[in-house]
*Asks:* 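Submitted below is the structure of interest, expressed as structure tokens.
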Amino acid sequence: MIAGMTYYEIASYFLIYAFGGWCTEVIYQALKRGKIINRGFLNGPVCPVYGFGVLAVFALTGTFMPALKNRAAGEGGISELLILFLIGMILATLVELIAGWLLDVCFHARWWDYSNVPLNFHGYICLRFSVLWGLAIVFVVKVIQPIMEKESKLQVPENYGWPILAILYAVLLVDFIVTAMIVAGWNRKLTELDDIRKKMRIVSDGLSQKLGSETIEAHQKFDESRVQAHLAGAELKTGIKKHQAESLDKLRTRKAALEAQITKHSWFGAGRILEAFPELRHREHNQVLEELREAPGSKD
């Protein structure tokens, strides 16, 4: 046992509360945005950060709560609910901070951003949500978990439950690997899109500059005849414009193809992530991300 919980309970509670967190996110987004969104980093109906957060609270309260309750009762000071609220607020906020930082470091993107919310810390956490996490933990520990423990007498026996849990965790692992590969591919596509944007500027601006300078050189070189110089300049201008148009067409075609690949699926892959995290900010290619959000296909 660990902090009063068996390994079977730990494995079960993680999945249960990860699923419960996912349901909470879906309901919250439905109320906030008026649409159903598969909210979460993974494609499956789980938000692991909720599972980790609740287990951390269970572990800490299971280890230290009895002593804290006795001390609080003896001093006649802090109540049990206040202690639980503070523990839940601190631990859940810490889990959110670590999760946000790891996602940023591993995938070069800010999946949520509280930068515009008062009293935030580098956009990863903020006081408003920390208070909400504390209240949510009190509700889980005092209302939800007692129901779970009461119903545990009717739960699947461990000899049947472990194979089921093994299958669910295998699916979770595959989902994580697939999602990581999708995000890695997404980052490559964002990099290519950013390069295309820069090349389009070079084609538009650089060749215009080249057109002017080479036309001047042509006039200076072929000064034996004003007419000849004029014809040479006109021919050069036509050739450069043709090359410019061809280059831009190729870049636009590739850009459209990449945008379609990223935004075409709203329930799976990169398109789902873009839809599920409207506050997502990419560390290196955020301008490209903003353009993708405005693309017609991203609204489907």
*Asks:* Once rounded to the nearest 0.5 Å, what's the spacing between atom CG of Leu42 and atom CD1 of Ile182?
*Replies:* 10.0 Å

*Asks:* Indicate the atoms forming the closest heavy-atom contact of Ala18 with Tyr50, along with that distance.
*Replies:* CA-CB, 4.4 Å

*Asks:* How many angstroms lie between CG in Leu165 and OG in Ser12, if you round to the nearest 0.5 Å?
*Replies:* 4.5 Å

*Asks:* Do the side chain of Glu9 and the main chain of Thr6 share a donor and acceptor less than 3.5 angstrom apart?
*Replies:* yes

*Asks:* Do the side chains of Met181 and Leu172 join up, straight or via other hydrophobic residues, at under 4.5 Å, putting them in one cluster?
*Replies:* no

*Asks:* Taking atom CZ of Arg110 and atom CG of Leu103, what is their separation to the nearest 0.5 Å?
*Replies:* 11.0 Å

*Asks:* Taking side chain to side chain donor-acceptor pair (under 3.5 Å) as the test, write out the residues that go with Thr24, two or more places apart.
*Replies:* none

*Asks:* Following the transitive rule for hydrophobic clusters with a side-chain heavy-atom cut-off under 4.5 Å over Ile, Leu, Val, Met, Phe, Trp and Tyr, establish whether Tyr114 and Ile98 coincide in one cluster.
*Replies:* no

*Asks:* For residues 121-131, please give each side-chain donor-acceptor pair under 3.5 Å, one per line with the distance, not counting sequence neighbours.
*Replies:*
unit_1 : atom_1 : unit_2 : atom_2 : d
Tyr124 : OH     : Asp104 : OD2    : 2.7
Ser130 : OG     : Thr93  : OG1    : 2.8
Ser130 : OG     : Cys126 : O      : 2.9

*Asks:* Are side-chain heavy atoms of Thr179 and Asn43 found at a separation under 4.5 Å?
*Replies:* yes

*Asks:* For Phe19, what residues pass the side chain to side chain contact (heavy atoms under 4.5 Å, CB included) criterion, not counting sequence neighbours?
*Replies:* Trp22, Cys23, Pro45

*Asks:* Are Trp133 and Phe85 close enough that some pair of their side-chain heavy atoms sits under 4.5 Å apart?
*Replies:* no

*Asks:* Who are the ring-ring contact (aromatic ring centres under 6.0 Å, His included) partners of Trp162, not counting sequence neighbours?
*Replies:* Tyr8

*Asks:* Would you check if there is a donor-acceptor pair between the side chains of Tyr7 and Glu158 at a distance under 3.5 Å?
*Replies:* no

*Asks:* Evaluate the side-chain proximity of Phe58 to Val141: yes if any heavy-atom separation is below 4.5 Å, no if none is.
*Replies:* yes

*Asks:* Find out if a path of hydrophobic residues (ILVMFWY) with successive side-chain heavy-atom gaps under 4.5 Å connects Ile137 to Met5.
*Replies:* yes

*Asks:* Mind checking the CG-CG spacing from Leu91 to Leu55? Nearest 0.5 Å is all I need.
*Replies:* 11.5 Å

*Asks:* Taking Leu94 as the starting point, is it possible to reach Ile83 by hopping between hydrophobic residues whose side chains are less than 4.5 Å apart?
*Replies:* no

*Asks:* When you measure from the side chain of Tyr169 to the backbone N and O of Ile164, does any donor-acceptor pair fall under 3.5 Å?
*Replies:* no

*Asks:* Using links of under 4.5 Å between side-chain heavy atoms of ILVMFWY residues, direct or through other members, which residues join Leu31 in one cluster?
*Replies:* Ile27

*Asks:* Does Ile177 belong to the same Ile/Leu/Val/Met/Phe/Trp/Tyr cluster as Val46, with side-chain heavy atoms less than 4.5 Å apart forming each link?
*Replies:* no

*Asks:* Grab the two heavy atoms, one from Val49 and one from Ala99, that are nearest each other, plus how far apart they are.
*Replies:* CG2-CB, 4.0 Å

*Asks:* Using the salt bridge (charged side-chain N to carboxylate O under 4.0 Å, His left out) criterion, which residues pair with Glu96? Sequence neighbours excluded.
*Replies:* none

*Asks:* With heavy-atom distances below 4.5 Å as the criterion, would you say the side chains of Pro48 and Phe14 are in contact?
*Replies:* yes

*Asks:* Assess whether atom CG of Asn116 is packed by more than 12 heavy atoms of other residues, nucleotides or ligands within 6.0 Å.
*Replies:* no

*Asks:* Do Leu135 and Met89 have side chains that approach each other closer than 4.5 Å (heavy atoms only, starting at C-beta)?
*Replies:* no

